Amino acid sequence: MKVWKMPQSWTAQMRAAHERGLEFLKSICDSSQHMETYDLQNGLPSVRIKSTSRRWYSLQAVPEKTIYENLVGEMKDGIVWSFDIRAAPRKTDLLALNDYSVRLCIYPEHGSKNLPIGDQLATLALGLRDDRRTAVRIGLLAQFVIAPRDALLDVYKFTAEGAVYNEEVFYDDEFEYEPNERQQNQHFILNLTHEADQISETFASDDQACANEYEHINFQEWFDKNEQVACTKEEIPWHHDENQIWDIEEAFLRGLE
C-alpha cells in the first residue's frame, strides 16, 4: 500500500498544523488506558477504543483527493477526509471484523471539518470513549449501544436514517440472500430509532439533570475517598481492578463461543 504524503500544495503552516494534530491525538491516547493508536500501512493513524459501555470501536481517516477554487480564482488540489468507524460488542469481534461488527456513519460537526485530521480523530475518539453520554445526542450510536450482540448479525451499518442490512448492500439477482435465523432481530433494531429518540427527549426534558450530575460527582468523590481508606496499600481486591474484571468476562465469553 502506498504511503500517504501531505499534498505539495500545502503551506508550511498547514503542514505544521497537521503534525501538531497527530501529536495531539497521540497524547490523548497515551493518557488513557482505554485508547490506543497505531499506524496503518499507509502511514496514517488508527485508533482503537474500549468504551464506558464495554463496547469496542476503531476509527481511521481516509483521504480523498478533490479540487477547489482559492480566493484568487485558481483551481487547486486538495484533500477531503472521510472516516471509517467500526463498532463491535467484543474486542475479538472488532479485531476479526466478523459478522457482529458494524459500521457507524458518524462524522465531525461541520465547523470541525477544517481542523487538522489529528484533531478530528481525537474528537471522535473521546466521544466514542464516553459512548453512553454521546449516544444521548447521536441516535444511531444509541441504537448500537443498546442492541444485543445477536441482533447485529444482519446489520451492515447504522446511519442517521436507521439500520442498513446486509441484504440491502450485497443483494444480487443471481443469488438468493439467506439472512440469519433470528429474523426478529430486524424488528428489534427498526424500533430502536424510536426508543433512542425517547431517551434523548427524556434527558433533554430532565430539569434536574445538572443537579443530579453534581450530586453524583460529590457522591463519587466521597466514595472514592472512603474506599481508599478502607483498602490496604499492600493489596487491592481483584474486584476493584476494572481491567481484571474485563479480562475475566472476556475469557468467560470466549468459552461460550
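Just so it is clear, the structure is predicted and the values come from calculations on it, not from any experiment.
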Return the set of residues passing salt bridge (Lys or Arg N to Asp or Glu O under 4.0 Å) with D39 (not counting sequence neighbours), or none when no residue passes. none

List in chain and number order the residues that pass salt bridge (Lys or Arg N to Asp or Glu O under 4.0 Å) with R103, two or more places apart in sequence or in another chain; answer none if no residue qualifies. none

Nearest 0.5 angstrom please: [X] [atom1] to [Y] [atom2], how far?
X    : Y    : atom1 : atom2 : answer
L141 : L104 : CG    : CG    : 6.5 Å
H34  : R129 : NE2   : CZ    : 4.0 Å
Y100 : T92  : OH    : OG1   : 10.0 Å
S53  : R132 : OG    : CZ    : 7.0 Å
I106 : T134 : CD1   : OG1   : 8.0 Å

For residues 42-64, which residue pairs pass the ring-ring contact (aromatic ring centres under 6.0 Å, His included) check, not counting sequence neighbours? Y57-F144

According to a 4.5 Å side-chain heavy-atom criterion applied to Ile, Leu, Val, Met, Phe, Trp and Tyr, with indirect links allowed, do [X] and [Y] form part of one hydrophobic cluster?
X   : Y    : value
W4  : M14  : yes
I49 : L126 : yes
V47 : V62  : no

Measuring only between side-chain heavy atoms, which start at C-beta, is [X] closer than 4.5 Å to [Y]?
X    : Y    : answer
L59  : D84  : no
L128 : S51  : no
R86  : V102 : no
F158 : I85  : no
K50  : K91  : no

Please identify each residue that fulfils side chain to side chain contact (heavy atoms under 4.5 Å, CB included) with [X], with sequence neighbours left out.
X    : result
S31  : none
A122 : F24, L25, I28
Q120 : F83, P108, L115, I117
T159 : C105, K157, E161, V164

With sequence neighbours excluded, tell me which residues meet side-chain hydrogen bond (donor to acceptor under 3.5 Å, both in side chains) with [X].
X    : answer
Q8   : none
T52  : D131
Y107 : none
S82  : E64

Between M35 and R48, does the side chain to side chain contact (heavy atoms under 4.5 Å, CB included) criterion hold? Intermediate values first, please. CA-CA 6 Å; M35 294 190 290; R48 187 180 299 125; over 6 Å; no

Nearest heavy-atom neighbours spanning [X] and [Y]:
X    : Y   : answer
P45  : T37 : CB-OG1, 3.9 Å
L44  : A61 : CD1-O, 3.9 Å
P116 : G21 : CB-CA, 4.4 Å

Quick check against the 3.5 Å criterion: does S101 have a side-chain atom that pairs as donor or acceptor with the backbone of L94? no

Chi angles and distances behind the side chain to side chain contact (heavy atoms under 4.5 Å, CB included) call for I146, Q143: CA-CA 6 Å; I146 66 177; Q143 293 182 53; 5.7 Å; no

If a pair satisfies side-chain hydrogen bond (donor to acceptor under 3.5 Å, both in side chains) and one of its residues is in residues 15-30, list it, with sequence neighbours excluded. K26-D30

Does a donor on one side chain and an acceptor on the other come within less than 3.5 Å for D93 and N98? yes

